[in-house]
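Every value quoted in this text rests on a predicted model; they were computed, and no experiment measured them. Quick note on labels: first sequence line is chain A, next is B, and so on, each numbered from 1. Because only heavy atoms are used, hydrogens play no part in the values below, and waters and symmetry mates are left out as well, while side chains stay in.
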Amino acid sequence: MMTVAELDAIKAKLHSQMMLRKGSEAGEDTYRKHVLVCGGTGCTSSGSMGIINKLNEELKKNGIENEVKVIKTGCFGLCALGPIMIVYPEGSFYSMVKEENIPEIVSEHLVKGNVVERLLYSETVTDSGIKSLNETNFYKKQHRVALRNCGVISPENIEEYIALDGYQALAKVLTQMTPEDVIQTILDSGLRGRGGGGFPTGKKWQLARNLVKDADQKYVCCNADEGDPGAFMDRSVLEGDPHVVIEAMAIAGYAIGATQGYIYVRAEYPIAVERLRIAIGQAREYGLLGDNILGTGFKFDLDLRLGAGAFVCGEETALMTSIEGNRGEPRPRPPFPAESGLFQKPTILNNVETYANVPQIILNGADWFASMGTEKSKGTKVFALGGKIHNTGLVEIPMGTTLREVIYEIGGGIPNGKEFKAAQTGGPSGGCIPAEHLDIPIDYDNLISIGSMMGSGGLIVMDENNCMVDIAKFFLEFTVDESCGKCTPCRIGTKRLYEMLEKITSGNATLEDLDKMEKLCYYIKNNSLCGLGQTAPNPVLSTLRYFKDEYLAHVVDKKCPAGVCQDLLTYKIVADKCKGCTACARKCPVGAISGTVKEPHSIDTTKCIKCGACMATCKFGAIVKE
Amino acid sequence: MEEANEFIDRVKNGDVLPMITSCSPGWVRYCEAYFPEFLPNLSSCKSPQQMAGAIIKTYWAKKNNIDPKNIVSVSVMPCTAKKFEIGREDQSAAGVPDVDISITTRELVKMINKAGLRFNDLPDEKFDSPLSEGSGAAVIFGATGGVMEAALRTAVWKLTGEAPDSPVEFNEVRGVEGIKFAEYNVGGTAVKVAVVSGLANAKKLLTQVKNGEVDVQFIEVMACPGGCVNGGGQVIQPAEVRNFVDIRAERAKALYSLDTARAVRKSHESPDIKEVYANFLGEPGSHTAHEVLHTSYKPSSLSK
Amino acid sequence: MVNIKINGIEYSVEEGTTILEACRQNGIRIPTLCWLKDINAIGACRICVVEMSGARSLTAACVYPLSKFDEGKNILTHSPAVLESRKMTLQLLLSNHNMDCLACARSGNCELQALCKELGVDDSSYFEGAKNEFDIDTSSKHMYRDDNKCINCRRCVAACEKYQGIGVIGANERGFKTEISCAFGMDLANTACVSCGQCITACPTGALSEKDDTDKVWEALADPEKVVVVQTAPAVRASLGRLSVIR
């Protein structure tokens, strides 16, 4: 068992070490430098484990392995530039590092102290010297609460977490606060669920504490079954800062009166699973999970449950059904989990990002948290930027930041000089936001009012080359595939809706079909059993709302304005531009192009398979699709 | 008759108890697959369908000088498991299957309609012999508790000195509850019985028996909730009806009123049964009775 | 007690009563399909949906227990939106249903058919699209399972699991491809199904049915060489009495 004093002692012991990473000069008892290498999923798949091995090898070769320490951390956020590596105390940010760069970085930078500017993230290198990472566009407007330890500490070392105030919030609630105080603090902070719906977290806890008076058991669950295509903030928290979730769940357990928790994490996140396992083991070893935590008599323990990759298991009742060992399908509510959840006991379920905010709220107070954000959406939100944008990656911004700031300032805008068309938020449950709403401050209610939703925080940017019908079809395909098949509207309705979209993109739909489709959308929304089905038509409804013209173009003119829908495209040769070089004719795999040398060629559209090979071959821009 | 006799024998000889009825083929399959440890408890008596089939192809065939091979024995059952049962091993008393075709109540309805029979216009008629006039005890087989009550009518009669006024009605074992217990003082000995219907209830009870939490000597198990009246072969009532009317209770009521109306209400008093024993089987439990009316079981290893 | 309004009229019902029960107690009939009392309250088919004030979507009446939080709410059981939704649910079910109704064992006694009639489904091919094509499981001696007629109400699953504690059938695959079948798609004959047939009597459509042996009987009856002897079980007469079944 560990006492609060022992916890503080660990924090003090590691203080100067950790200060190095805040830019302080090294003390006598510390390593001279810390090299942090991202060990998140993104950088791992681009080779960061090889970088770490090479670094250790080179440090030894240069005899400085006792002066420079290599730390594998979680995600830094700027995933597009991985593998990423940062050297403290100077904070030099190396991006897209290759193994062959390591000997140079070690001998020049780590031994001699000469930063290898050539290999730094270009934006940090300016005429007036090297900029700190926090001054770059990507990081400048970010405010890291949930991600505060990601890319800063080693997720596999509980003491580094403790050194940065880890488990201090748990100590505070156990020694200074009643469960009611804790709930009140969370209520006052205005924290809302980061998993999608945005239900007030404090309210959820309060219900679970009070609704059933004589419950013999209650449960605290964590939804780490992140399934939205493109969203990976929960994974990053688990990979970069697993203890924050454990600490927050213990706090929640204290608040509602539960002694057991479950983290439901998808098996497709092997790194997160491994780090959670290590973290739970360490927390138990340090007496921060188990009986009599910090000598206060409070008992709480955690177990992992692995999800088998069903999107619907992110729905709370399906998740609990799955933990119970049954086929992961939602069940009707009420009763709500706060009354009858896991194993029919009062249960709270919050997602990873929600939990990641809790210890900070306890330590810094509700007012601190409530000072960030908008009137009804407090704090920050992590978004996963993707699609047609320069800086793909994870960003954490205060609620109320505008979409324009996120896309153009943090995200660096649209590549190749293309024009912004829409941003998709909320994953398959969300909708597309057109340019006219670029200046809307992002929060729960604003997004809903414009037909989208926060969801878990995927943000996919689309440019003029994206067809909105095709986008709707993409998300519908996902839902059709992920529907559990329990209720009729979702099981059959989404399939029929998808087929209607196919009919449109193949040029076979009529205006009546469009009306029928809209009717079906509202039917599915109103009749489905769970949130997955109820929100499934959103991608269709929001694109119908903002991009009706594009639908009409497909239906009436049988054209795809963005040039995406194959069936509606024809490739043509512009006679004026064609030099008769025959390159295209030679490239065409089906022999659809004919013509004599030095004369304009032509395409036989009955033979053409619309592969686009001719267009890619033509040096004169003489081939167009329309 | 046979079952009551087997029970008395088991009690007297200190054989495996509790004895469990074997008339429900769904239950027998269940026992073989899920509770093989209870197979020694299962009564070795064939089910009524198989007993009747066996008597027809042995005694009746001989009496009427018909080659059993030329008999097509058809049963009309409230049950789909009977279709399975006719193909079981050790169910061919005359060297040919005791029963050749088993159809459900629903199939009978189809046949009646196809044959253009107008039931209300048909004159009343008796069943042919043998087994023309079922006793009241036979009629109530169709409801949960009925087999137990029928066996009790005969067993109590036998154990209490074969008095003609031995008790007829055993109300404690009637009703649609899934698990029922009763205790009777039979000639100075306490006989404890249990009646279950619905295999989920059977599972519950057998687990309790296994754990020594329940002590009974005789158990009736019917696979279908409420017994055969609610069998899987019965006319289908839509949910609209089932959700608001207890069809188990309604159908059982019909059987119990038929029982009350019968002159003969105990198996051993049935003239047909008496005749078969007198002319063919001899005593209940005799060698011939065993050859014709009893069977055997073995554990099954199908996927659960 | 909870005070609610059903179609504008005030009623007081016990807390915990479902909307469906509350309506039934007061003489209002809500159609159902997947709901089977005591064993299957899963809110899956969505036939029993009602409009409830304050709810963001329609509510399945069979699984919604009224509580103090519902005090004063108005429930519309047959509003145009409700009727339209119920009809569309049926049309969706039909769009993935084997429509060989005339030759179906349950023709005339099919709950799906009855509901279509009740809710005025006048266009059985309103939704077009792909249909599942499943193999019919004829492996066991007593019944066949034709998932092409299955509407995924799961009443059979509940009967097998809850009445019988057996559970040899359940949902496999997911979404549109969901199929009620045995584990790993094995044949029913290879499972420890006990042939009780409770799934058949629970099935609202012709997806589950006994194997019809009546032709064998007709054949035997017509064969001059054979003597046909018939025995009948006592319970048969208890359900046969339903004259509406026998013409």
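- Interface remark: B:Ile66 contributes side-chain atoms only to the contact with chain C (heavy atom separation under 4.5 Å).
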Check step by step if side chain to side chain contact (heavy atoms under 4.5 Å, CB included) holds for C:Val217 and B:Glu107.
CA-CA 10 Å; C:Val217 182; B:Glu107 289 165 271; over 6 Å; no
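- Counting only heavy atoms from C-beta outward, the side chains of B:Trp60 and C:Val227 approach each other to under 4.5 Å.
- Using a 4.5 Å cut-off between heavy atoms, B:Lys57 does not touch chain C at all.
- Heavy atoms closer than 4.5 Å to chain C are found nowhere in B:Val28, neither backbone nor side chain.
- Among residues 37-45 of chain C, the residues having any heavy atom closer than 4.5 Å to a heavy atom of chain B are, in sequence order, C:Lys37.
- Contact of the C:Leu36 side chain with the B:Asn243 side chain is registered, since non-hydrogen atoms from C-beta on lie closer than 4.5 Å.
- Residues C:Val194 and B:Glu32 form no side-chain contact, since every pair of their non-hydrogen atoms from C-beta on lies 4.5 Å or further apart.
- Distance OG1/B:Thr80 to NZ/C:Lys211: 12.0 Å, rounded to 0.5 Å.
- Contact of B:Asp67 with chain C is not made at all, since no heavy-atom distance falls under 4.5 Å.
- Using a 4.5 Å cut-off between heavy atoms, B:Cys228 touches chain C through backbone and side chain atoms alike.
- Looking at B:Gln49, both its backbone and its side chain come within 4.5 Å of chain C, counting heavy atoms on both sides.
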